[in-house]
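For this chain, numbers begin at 1 and follow the sequence in order.
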Amino acid sequence: MTKHVPFPEKGLEEAAIWQAMDCAKQGDVDWRGGRLPGFYVHFANDDVDRVGKTAFQKFQATNALGLGAFPSIKKFESEVVEWALSLFRAKGGAASITSGGTESIFIAMKTAREWAKANRPNVINPRVMISHSAHPAFDKAAKYLGLEVVRLAPRADFKTDIDALKGALDNQTIMIAGSAPQFTMGVFDQIEELAAVAESRNIWFHTDACVGGFLSPFAEQNGHTIPAWDFRVKGVKSISADLHKYGFAPKGASIVAFADAAFQKFQVFDFNNWSRGRYVTSTFAGTRSGASIAAAWAVMRFLGNEGYRKIAEQIWLIREQLLRDIPAIEGLFVYGEPELTVMSYGSKTLDVDDIAAGLAAKGWYTVAPSLNPPAINLGILSLAFGEVLDVYLNDLRDVVSQLKTGENPFDRSLIGSYGTR
């Protein structure tokens with residue numbers, strides 16, 4: 001029988017609370033010191049961090065379920081949404097702020113399902129077609145929404161196998177999705193080709209730009225070649241893009257955007273069969289933190305286009321150094337041709353689990369390597385990691401050199417995980 005910790009009888013003095021919390025975080029990874037390469041925390045700089053925290057604190061009690069009570073939050077959400085649609089090259093359109101990429105994908109899939117009910121009434125067992133590289137959030141949402149997900153093996157270059165996808169499509173397919181970029185190897189799926197296939201068959205197409213949505217526009221402005229992914233592409237009906245990744249807003253904040261404002265009628269939950277009266281929400285959550293919306297607005301207003309372009313270029317330089325220096329370490333290589341700031345590397349001679357364990361032993365939070373193909377994923381690069389990039393690369397060289405001696409002193413139990421377990 002599990003013995004639960006009883007609810008505390010008496011409160012603590014404020015000083016004791018802060019002492020207990022400081023003690024509790026002693027074991028947390030030093031994300032500000034860059035020891036969390038590519039995962040969980042997306043840092044721009046101390047000024048941006050301060051602005052986001054201050055705005056969050058100012059509006060921490062607000063509730064975006066009640067925009068009539070909090071017109072400030074309505075203003076902030078409206079403006080953030082308009083800015084996002086502008087970045088995504090929408091002509092019209094509509095968008096909402098959600099709690100994160102998973103909810104944005106959920107809302108896009110829910111909208112696609114309801115759209116299909118109205119436009120594809122003969123569909124009985126709705127299916128979603130994605131590459132194996134797509135984020136698990138698609139399957140998570142499908143489990144709640146009663147959809148079937150078909151994952152297809154990618155091509156050798158890790159992009160979607162379009163021929164295989166065409167062969168797998170049937171009259172029950174209501175949605176196709178592509179990543180911009182993928183969360184593993186960092187390549188973009190062929191959004192233009194995939195969206196054209198969807199358009200020709202009256203299938204909903206979604207671009208998952210949770211990683212790249214608030215970096216790609218500024219990298220492109222800086223002169224870097226970014227594959228087409230946004231509403232400029234005919235057939236793209238929805239986009240997910242995380243404000244708390246390269247938008248640098250505090251968690252949790254993401255955008256789900258639609259090419260046509262008319263699609264929002266399939267997005268909303270509108271209910272009137274209870275004693276309180278009509279209840280309408282645009283996202284899965286009822287109560288939503290107004291603080292997250294206000295903080296996103298503050299960060300975007302603080303940086304502006306100029307600030308985002310500057311950070312995008314700084315991150316691009318980190319990317320360039322990794323792509324240059326990792327393959328220069330004997331036995332290591334970068335998978336595929338990463339097109340933004342996500343990448344994975346492997347080894348021709350060593351077990352990547354041993355490399356990951358070695359990096360973890362040196363204080364880097366290294367997520368368990370991918371299994372197929374075996375790879376260490378660098379996730380989403382941040383400026384905090386960039387500050388210690390040379391240290392990381394030197395430690396990586398040391399680990400590889402030590403493993404080449406034939407000894408393996410590294411404890412694999414130190415390897416981290418992606419997810420709650």
Give a yes or no on whether the backbone of [Y] and the side-chain of [X] come within a donor-acceptor separation of less than 3.5 Å.
X    : Y    : result
T54  : V51  : no
R288 : S99  : no
D189 : S179 : yes
S289 : S292 : yes
N222 : R309 : yes
R127 : V149 : no
K159 : F188 : yes
T160 : I162 : no
E337 : V187 : no
S104 : I255 : yes

Spacing of [X] atom [atom1] and [Y] atom [atom2] [to the nearest 0.5 Å]:
X    : Y    : atom1 : atom2 : answer
L323 : E320 : CG    : CD    : 6.0 Å
T366 : I355 : OG1   : CD1   : 10.5 Å
F266 : D260 : CZ    : CG    : 9.5 Å
N63  : T287 : CG    : OG1   : 4.0 Å
D325 : L396 : CG    : CG    : 10.0 Å
F410 : D354 : CZ    : CG    : 8.5 Å

Using a strict threshold of under 4.0 Å (side-chain N to carboxylate O), is an ion pair present between [Y] and [X]?
X    : Y    : answer
D46  : R32  : yes
D139 : K143 : no
D47  : R50  : yes
R301 : E79  : no
E220 : R232 : yes

A side-chain contact here means heavy atoms from C-beta on lying under 4.5 Å apart; do [X] and [Y] qualify?
X    : Y    : answer
D170 : M129 : no
V197 : L169 : yes
M175 : P126 : no
W297 : F302 : no
I239 : W229 : yes
T111 : I107 : yes
L147 : M109 : yes
V150 : E148 : yes

(request) Could you give me the CA-CA distance, side-chain angles and deciding distance for F231 and F258, then say whether ring-ring contact (aromatic ring centres under 6.0 Å, His included) is met? (result) CA-CA 9 Å; F231 289 127; F258 300 99; 8.5 Å; no
Heavy atoms only: give me the nearest [X]-[Y] pair and the separation to one decimal.
X    : Y    : value
A219 : I226 : CB-CD1, 4.0 Å
N45  : I311 : ND2-CD1, 4.3 Å
V352 : P374 : CG2-CB, 3.8 Å
A55  : A294 : CB-O, 4.0 Å
A228 : I191 : O-CB, 3.4 Å
T102 : A137 : OG1-CB, 3.8 Å

(message) Between I130 and V128, does the side-chain contact (heavy atoms from CB on, under 4.5 Å) criterion hold? Intermediate values first, please.
(response) CA-CA 7 Å; I130 54 176; V128 177; 4.1 Å; yes
(request) Using ring pair (Phe, Tyr, Trp, His ring centres under 6.0 Å) as the criterion, point out the one residue from W364, Y345, Y365 that pairs with Y392. (result) W364
Verify the neighbour count for atom [atom1] of [X]: are there more than 12 heavy atoms of other residues, nucleotides or ligands below 6.0 Å?
X    : atom1 : value
Q321 : CD    : yes
K404 : NZ    : yes
K74  : NZ    : no

(request) Given side-chain contact (heavy atoms from CB on, under 4.5 Å), test L340 with W316 step by step and report yes or no. (result) CA-CA 8 Å; L340 203 62; W316 197 269; 3.9 Å; yes
What I want to check is whether the side chains of [X] and [Y] have a donor and an acceptor closer together than 3.5 Å.
X    : Y    : value
Y246 : S216 : no
Q221 : N305 : yes
E103 : S254 : no
Q57  : Q60  : no
H224 : E313 : yes
S344 : N377 : yes
S401 : D398 : no
S238 : W204 : yes

(message) Using the rule given for side-chain contact (heavy atoms from CB on, under 4.5 Å), can you reason through V342 versus I380, listing the C-alpha separation, both sets of side-chain angles and the distance that settles it, and then say yes or no?
(response) CA-CA 5 Å; V342 176; I380 302 157; 4.3 Å; yes
(request) I would like to know whether F284 and F269 meet ring-ring contact (aromatic ring centres under 6.0 Å, His included); could you show each step before the answer? (result) CA-CA 8 Å; F284 183 79; F269 176 76; 9.5 Å; no
(request) Kindly determine whether S96 and Q267 satisfy side chain to side chain donor-acceptor pair (under 3.5 Å), including the steps that lead there. (result) CA-CA 10 Å; S96 299; Q267 173 190 356; 2.9 Å; yes
(message) Ring centroids only, cut at 6.0 angstrom: are F59 and F76 within range, meaning strictly under it?
(response)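 For F59 and F76, the ring centres are under 6.0 Å apart.
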(message) Parallel, tilted or perpendicular: which one describes the rings of F218 and Y308, with boundaries at 30° and 60°?
(response) parallel
(message) Which label fits F333 and Y335: parallel for a plane angle under 30°, tilted from 30 to 60°, or perpendicular past 60°?
(response)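 Ring orientation, 0 to 90° scale: perpendicular.
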(message) My understanding is that only residues two or more places apart in sequence, or in another chain, count here; which of them pass salt bridge (Lys or Arg N to Asp or Glu O under 4.0 Å) with E199?
(response)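 Here the qualifying residues are K237.
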(request) Tell me, with the steps shown, if S240 and H206 meet side chain to side chain donor-acceptor pair (under 3.5 Å). (result) CA-CA 8 Å; S240 51; H206 177 79; 3.0 Å; yes
